[in-house]
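The block underneath contains the structure these notes are about, expressed in structure tokens.
It should be emphasised that the depicted structure is a prediction, and the values quoted were computed from it without experimental measurement. In what follows, chains are A, B, ... by sequence order, proteins preceding strands, each numbered from 1.
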Amino acid sequence: NAGVTQTPKFQVLKTGQSMTLQCAQDMNHNSMYWYRQDPGMGLRLIYYSASEGTTDKGEVPNGYNVSRLNKREFSLRLESAAPSQTSVYFCASSDGPKPLFGQGTRLTVV
Amino acid sequence: GDSVTQMEGPVTLSEEAFLTINCTYTATGYPSLFWYVQYPGEGLQLLLKATKADDKGSNKGFEATYRKETTSFHLEKGSVQVSDSAVYFCALSLKTSYDKVIFGPGTSLSVIP
């Protein structure tokens with residue numbers, strides 16, 4: 001099925017551990033995004049990639065890094081996880097103003 | 001800066017009641033406007049959109065009209081069902097160096113039988 005695929009769906013980390021969230025889309029979209037969703041705050045943009053080979057900071061980039069590996073894949077890395085990074089993370093892709101979202105990754109940092 | 005404001009939730013309605021979720025926006029340009037819906041445990045899905053003033057977006061019985069004079073895009077449905085229970089996000093999109101999408105905080109809707 002066409003769409004945006006995120007892995008893993010759930011993850012628990014200890015403070016200070018690192019991990020990479022993976023995202024892939026098969027719609028040949030140019031733009032890809034990482035958002036975090038927190039209660040009462042909607043979705044906040046962490047990083048985006050307007051095209052293959054480019055990445056830029058969004059609203060809340062601190063503590064994260066990204067890699068646009070190719071047109072399909074856009075990964076998000078937490079180098080040293082903190083409890084404040086407990087959240088639900090969504091990857092999205094678009095070729096215009098309507099992002100298509102993945103199912104989300106629920107991350108808990110203890 | 002660009003922003004989206006939504007009415008506070010949670011909203012609880014009985015089945016077949018009328019729904020309104022208010023949304024207002026602030027934008028430097030001429031945005032497109034969207035409503036997304038998130039069912040429990042899932043990602044966001046586009047519900048409807050409007051790209052210019054006075055456009056009406058509609059889908060699955062939901063409607064919203066782009067009101068430039070009041071900078072609003074209120075979501076309405078005449079008769080809600082239990083299956084409409086979800087979180088609803090108002091959003092705007094502006095064409096900048098990328099397709100910039102800003103979301104409101106979301107409004108949780110629970111429909112009881």
Side-chain angles (χ1 to χ4, degrees), chain A residues 1-7 9-10 21 23-25 27 29-61 66 68 74 87-106, chain B residues 1-11 21 23-27 29-52 55 57 59 64 66 73 86-108:
Chain A
N1 292 335
V4 179
T5 303
Q6 289 182 238
T7 55
K9 286 186 169 41
F10 301 95
L21 281 63
C23 175
Q25 53 96 4
M27 296 164 290
H29 285 166
N30 284 313
S31 300
M32 297 187 73
Y33 311 82
W34 276 105
Y35 290 89
R36 60 178 288 173
Q37 182 181 23
D38 301 293
M41 303 190 75
L43 274 73
R44 292 182 292 169
L45 183 64
I46 305 171
Y47 271 92
Y48 67 95
S49 171
S51 61
E52 183 180 356
T54 69
T55 61
D56 285 286
K57 295 178 181 179
E59 184 184 354
V60 288
V66 290
R68 183 76 182 266
F74 189 39
S87 187
V88 181
Y89 292 85
F90 287 100
C91 178
S93 72
S94 73
D95 223 3
K98 299 176 299 182
L100 184 68
F101 286 84
Q103 295 289 303
T105 297
R106 186 172 294 275
Chain B
D2 305 317
S3 66
V4 175
T5 303
Q6 286 180 241
M7 63 186 290
E8 293 287 331
V11 174
I21 301 178
C23 170
T24 56
Y25 67 90
T26 302
Y30 295 97
S32 296
L33 301 175
F34 306 89
W35 278 99
Y36 281 82
V37 59
Q38 183 181 33
Y39 298 104
E42 298 184 11
L44 278 71
Q45 303 172 27
L46 181 65
L47 180 60
L48 55 84
K49 68 177 176 71
T51 57
K52 61 183 189 299
D55 268 2
N59 186 25
Y66 190 147
F73 193 55
V87 180
Y88 293 82
F89 292 91
C90 186
L92 67 83
S93 174
L94 289 165
K95 188 69 176 178
T96 61
S97 59
Y98 68 104
D99 292 305
K100 180 179 181 181
V101 182
I102 296 171
F103 290 87
T107 301
S108 175

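- Closest non-hydrogen pair, A:P99 versus B:Y36, comes out as CD-OH, 2.9 Å.
- A distance below 6.0 Å separates the ring centres of A:F101 and B:F103.
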Practice problem: For the pair A:Y35 and B:L44, evaluate side chain to side chain contact (heavy atoms under 4.5 Å, CB included) and give the outcome as yes or no after the intermediate values. | Solution: CA-CA 11 Å; A:Y35 290 89; B:L44 278 71; over 6 Å; no

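- Between chain B and the options A:D56, A:L43, A:T54, heavy-atom pairs under 4.5 Å are most frequent for A:L43.
- Proximity to chain B is limited to the side chain of A:Q37, based on heavy atoms less than 4.5 angstrom apart.
- Residue A:R106 places its CZ atom among 12 or fewer non-hydrogen atoms of other residues, nucleotides or ligands, all under 6.0 Å distant.
- Heavy atoms of other residues, nucleotides or ligands lying less than 6.0 angstrom from OH of B:Y30 number 12 at most.
- The contact between B:Q38 and chain A is made entirely by side chain atoms (from C-beta outward), counting heavy-atom distances below 4.5 Å.
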